[in-house]
2 protein chains.
Amino acid sequence: MPAPERTSLEAIVAAASDILEASGLDAVTMQAVAARVGVKAPSLYKRVADREALVRLVADTATERLATALERPTTLAEAARAFRAFAREHPRSFQLIFSASADPEILARASAPVLRIARDLAGEGDALNAARLLTAWAVGFVQMELAGAFQLGGELDEAFEYGLRGVERAITPR
Amino acid sequence: MPAPERTSLEAIVAAASDILEASGLDAVTMQAVAARVGVKAPSLYKRVADREALVRLVADTATERLATALERPTTLAEAARAFRAFAREHPRSFQLIFSASADPEILARASAPVLRIARDLAGEGDALNAARLLTAWAVGFVQMELAGAFQLGGELDEAFEYGLRGVERAITPR
DNA sequence: ACCTGAACACCGTTCAAGT
DNA sequence: ACCTGAACACCGTTCAAGT
């Protein structure tokens with residue numbers, strides 16, 4: 001006898017993402033997610049292999065949102081600022097993206113705009129190395145900012161703009 | 001009636017660190033740590049407030065080891081390579097250091113050598129900004145390397161050396 | 001003074017039984 | 001076909017009782 005579906009994979013992932021941002025990864029329990037979509041925990045296993053797979057899906061959708069946020073900018077400065085803005089708006093999603101390694105295909109989507117900007121500045125031959133320098137700096141800066149690891153005072157906004165100028169100089173051929 | 005001590009805080013933190021590196025943070029359970037020091041889980045609460053405090057202690061000791069590894073190098077290139085070597089030797093400790101924010105005092109110890117190198121290259125006025133650019137790049141690069149996020153091919157060693165030259169150029173006044 | 005067994009709350013996961 | 005209650009294993013934590 002058929003039974004109507006009372007939820008969906010999209011709703012489950014959205015619920016998990018909401019809980020992640022509101023309360024942290026530890027709060028993303030199968031029971032909390034289930035309750036939010038109006039179902040009991042065991043039902044989640046109809047759409048998701050286990051909690052780890054669900055968290056992975058959350059990371060993938062977050063990576064997709066980041067990729068979308070990076071599509072619009074055209075300059076290095078715009079891209080870096082958009083990247084930092086994303087991390088500040090969705091700090092826990094950001095940390096999840098760069099701790100759990102995301103799906104390679106989605107990662108490639110997020111990398112494409114950075115690679116294009118790097119190529120424009122550094123030239124074809126150094127494009128990949130330049131993109132990695134730029135990405136590493138941006139990831140590290142935002143990560144340390146979110147972790148509260150920059151504690152020696154000084155202006156973080158100023159440090160970010162200084163870094164931005166430095167990275168641009170680093171990848172621009174002399 | 002007095003009872004002899006069968007373990008110590010140091011032994012507990014060391015056991016937790018070993019389990020972390022061997023099997024990951026999820027494997028650092030109170031029971032696993034207790035078993036390794038030859039005691040039952042409830043006994044750990046005589047020396048440690050709770051699991052979170054224990055993990056924090058593990059992060060702090062790892063940060064201290066990192067600080068020690070950064071004391072010897074004198075140049076930017078040496079420091080960066082020592083940093084990367086530490087991360088590859090203790091990947092899970094490294095990730096713990098930069099996700100859970102460590103103790104400010106210990107963080108300051110690890111920052112000191114970086115700040116000195118940055119000052120030598122960038123000068124007094126830009127020392128802090130330069131240290132932050134350098135640190136952000138190194139943290140981000142190693143983090144992405146460990147997470148397997150650099151997937152577009154190319155040589156990672158080469159990307160690291162390219163980044164190193166770029167960062168040095170970025171923080172050296174023209 | 002430290003250690004432990006027992007207990008409790010909570011979580012992930014499975015599965016037979018419902019509809 | 002999907003949903004759920006019941007059950008199991010496992011974990012963190014507390015505490016009275018041991019020595």
Side-chain angles (χ1 to χ4, degrees), chain A residues 1-62 92-93 95-96 99-102, chain B residues 1-62 92-93 95-96 99-102:
Chain A
M1 206 149 306
E5 309 191 353
R6 293 188 206 166
T7 184
S8 67
L9 182 58
E10 294 74 43
I12 289 167
V13 174
S17 300
D18 289 349
I19 295 170
L20 170 67
E21 272 312 328
S23 314
L25 190 55
D26 286 350
V28 182
T29 67
M30 298 303 269
Q31 310 192 20
V33 173
R36 192 175 247 259
V37 299
V39 102
K40 300 292 178 183
S43 297
L44 299 181
Y45 293 85
K46 279 282 149 183
R47 337 244 173 204
V48 128
D50 52 25
R51 181 180 183 273
E52 196 179 333
L54 173 55
V55 170
R56 172 71 182 255
L57 286 172
V58 171
D60 286 346
T61 60
R92 311 211 215 228
S93 295
Q95 275 162 331
L96 182 62
S99 55
S101 53
Chain B
M1 206 149 306
E5 310 191 351
R6 293 188 207 167
T7 185
S8 67
L9 181 59
E10 294 74 43
I12 290 168
V13 174
S17 300
D18 289 348
I19 296 170
L20 169 69
E21 271 311 328
S23 314
L25 191 56
D26 287 349
V28 182
T29 66
M30 299 303 269
Q31 312 193 17
V33 173
R36 193 173 246 260
V37 298
V39 102
K40 300 292 179 182
S43 298
L44 299 182
Y45 294 86
K46 278 283 149 181
R47 336 246 175 201
V48 128
D50 51 24
R51 181 180 183 273
E52 196 179 334
L54 173 54
V55 170
R56 173 71 181 255
L57 286 172
V58 171
D60 285 345
T61 60
R92 310 212 217 227
S93 294
Q95 274 161 331
L96 182 61
S99 55
S101 52

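Residue numbers begin at 1 in each chain, while the letters A, B, ... track the order of the sequences. Just so it is clear, the model here is predicted, and its values are computed rather than measured.
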Peer 1: Between dC2(D), dG12(C), dT4(D), which nucleotide gets closest to the side-chain atoms of T29(A)?
Peer 2: dG12(C)
Peer 1: Can you measure from CZ (R47(A)) to CG (L9(A)) and round to the nearest 0.5 angstrom?
Peer 2: 8.0 Å
Peer 1: For S93(B), give me all partners under side chain to side chain donor-acceptor pair (under 3.5 Å), at least two apart in sequence or on another chain.
Peer 2: E21(B)
Peer 1: Treat a base pair as Watson-Crick or G-U wobble with both distances under 3.5 Å, then lay out DNA chain C in dot-bracket form, 5' to 3', with | for cross-strand pairs.
Peer 2: ||.|||||...|||||.||
Peer 1: Atom CG of D60(A) and atom CG of L96(A): how far apart are they, to the nearest 0.5 Å?
Peer 2: 9.0 Å
Peer 1: About how many Å separate CZ of R36(A) and CG of D18(A), when rounded to the nearest 0.5 Å?
Peer 2: 4.5 Å
Peer 1: Would you give the length of the straight line joining atom CG of L44(A) to atom CZ of R51(A), rounded to the nearest 0.5 angstrom?
Peer 2: 12.0 Å
Peer 1: Specify the separation, in whole Å, of atom CD1 of I12(A) and atom C1' of dC2(D).
Peer 2: 12 Å
Peer 1: From the set dT14(C), dG12(D), dC2(D), return the single nucleotide nearest to any side-chain atom of K46(A).
Peer 2: dC2(D)
Peer 1: If you round to the nearest 0.5 Å, how far is CG of L20(B) from CG of D26(B)?
Peer 2: 10.5 Å
Peer 1: Working to the nearest 0.5 Å, report the span between CD1 of I12(A) and CE of M30(A).
Peer 2: 8.0 Å
Peer 1: Round to a whole Å and report the spacing from CG of L44(A) to P of dT14(C).
Peer 2: 12 Å
Peer 1: Please determine which of V13(B), V28(B), T7(B), V58(B) meets the side chain to side chain contact (heavy atoms under 4.5 Å, CB included) test together with V33(B).
Peer 2: V28(B)
Peer 1: I want to check one thing: is the phosphate of dC3(D), taken as OP1 and OP2, less than 4.0 Å away from some side-chain N or O of R6(A)?
Peer 2: no
Peer 1: Just how far, in rounded Å, is C1' of dC11(D) from CG of D26(A)?
Peer 2: 13 Å
Peer 1: Please determine whether a side-chain nitrogen or oxygen atom of R47(B) lies at a distance below 4.0 Å from atom OP1 or OP2 of dA1(C).
Peer 2: no
Peer 1: So if I take residues 30-43 of chain A and measure heavy-atom distances to DNA chain D, which residues fall below 4.0 Å?
Peer 2: V39(A), K40(A), P42(A), S43(A)
